[in-house]
Amino acid sequence: MTRAIKIAPSILASDFAAFGAECEAIEAQGCDWVHIDVMDGHFVPNLTFGPPMCAALRPHIKTVMDVHLMIAPVDPYIDAFAKAGADIITAHVEAGPHIHRTLQAIRGAGCKAGLALNPGTPAEAAAPLLDDLDLICVMTVNPGFGGQKFIHSQLDKIKALRAMIGDRPVEIEIDGGVTAETAPLCSAAGADVLVAGSAVFKGGSVSNPAPYGENIRKIRAAAENARAAA
Ligand code: DX5
Ligand code: ZN
């Protein structure tokens with residue numbers, strides 16, 4: 001598998017009245033994946049959108065639709081998100097008692113399976129599941145809102161996961177508070193995919209998308225340099 005750094009902007013920080021155009025704009029500006037934050041007002045204290053929104057966005061996304069489910073329960077909605085065109089479906093280990101079954105169901109629906117860990121959850125929670133997942137999402141903020149501050153204590157967790165994964169084809173994704181300042185810490189610790197909301201969308205808009213590209217390049221360069229030096 002390729003270990004090139006990937007940048008996945010979270011549309012949570014984009015213009016909610018223009019999601020389709022925002023997805024096209026960030027792809028034209030060089031992002032690798034599009035990260036979609038699904039929140040249920042129950043597992044996390046915020047509400048966003050569900051499968052119909054993902055289906056509506058699918059024709060506007062040529063890269064990878066990376067769907068982060070911050071919902072509980074997860075299992076009843078897996079097929080709907082798969083049918084909506086998700087390439088990756090990530091579920092939280094904290095979202096229910098049967099995460100192994102959930103990961104199997106995601107793969108069974110034809111998607112890549114991601115496992116998200118809240119900041120209070122240790123790396124060891126992923127250990128029994130490493131052969132049943134394609135991605136581990138390390139939350140570097142408490143999920144629910146964009147624009148929060150990066151929690152530095154999660155860097156040790158990233159390192160522990162990188163060691164635990166060994167040569168398995170599993171990517172480590174970082175979600176929350178990623179900026180050009182924190183991205184290098186993540187890539188040096190072993191991260192592959194960097195989700196960034198505020199840091200990608202700041203300063204730009206659908207009618208002025210160039211800042212998106214500048215922000216993406218800045219984050220990518222900082223992360224790649226730190227990885228090369230690590
Ligand atoms: C938080 C979400 C993140 C968030 C990232 O619950 O999962 O994807 O939108 O936003 P920033 O990059 O602004 O922290
Ligand atoms: Zn997310």
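Each residue takes its place number in the sequence, starting with 1. Just so it is clear, the structure is predicted and the values come from calculations on it, not from any experiment. Indexing begins at 1, ligand by ligand and atom by atom, following the structure's order.
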Electrostatic pair Lys6:Glu173 at N-O distance under 4.0 angstrom: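 Looking at Glu173 together with Lys6, the answer is no, because their closest N to O distance does not fall below 4.0 Å.
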Electrostatic pair Arg220:Asp32 at N-O distance under 4.0 angstrom: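 Answer for the salt bridge query: yes.
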Main-chain N/O of Lys62 paired to Glu27 side chain as donor or acceptor, under 3.5 Å: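 Answer holds: yes.
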Side chains of Pro211 and Lys202 in contact at under 4.5 Å (non-hydrogen atoms):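 No. Closest side-chain heavy atoms not under 4.5 Å.
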Non-hydrogen side-chain atoms of Val193 and Ile172 separated by less than 4.5 Å: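 Heavy-atom side-chain distance check fails, nothing below 4.5 Å.
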Matching residue for Ile11 among Leu57, Val200, Ile61 - test: side chain to side chain contact (heavy atoms under 4.5 Å, CB included):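 Going through Leu57, Val200, Ile61 one by one, the side chain to side chain contact (heavy atoms under 4.5 Å, CB included) with Ile11 is satisfied by Leu57 alone.
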For Glu181, the option from Thr179, Leu185, Val178 that meets side chain to side chain contact (heavy atoms under 4.5 Å, CB included):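 Exactly one candidate clears the test, Thr179.
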Residues Ser10 and Asp37: side-chain donor-acceptor under 3.5 angstrom: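 Judged by distance alone, the side chains do pair up.
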Residues in contact with ligand 1, criterion: heavy atom under 4.0 Å: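 Contacts of ligand 1 under 4.0 Å: Ser10, Leu12, His35, Asp37, Met39, His68, Met70, Met139, Pro143, Gly144, Phe145, Gly146, Gly147, Asp175, Gly176, Gly177, Val195, Ala196, Gly197, Ser198.
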For the Zn ion (ligand 2): protein N/O/S atoms at distances below 2.8 Å: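 Near the Zn ion (ligand 2), the number of protein N, O or S atoms below 2.8 Å is 4.
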Aromatic plane relationship, Phe19 with Phe49 - under 30° parallel, 30 to 60° tilted, over 60° perpendicular: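 The arrangement is perpendicular - the two ring planes meet at more than 60°.
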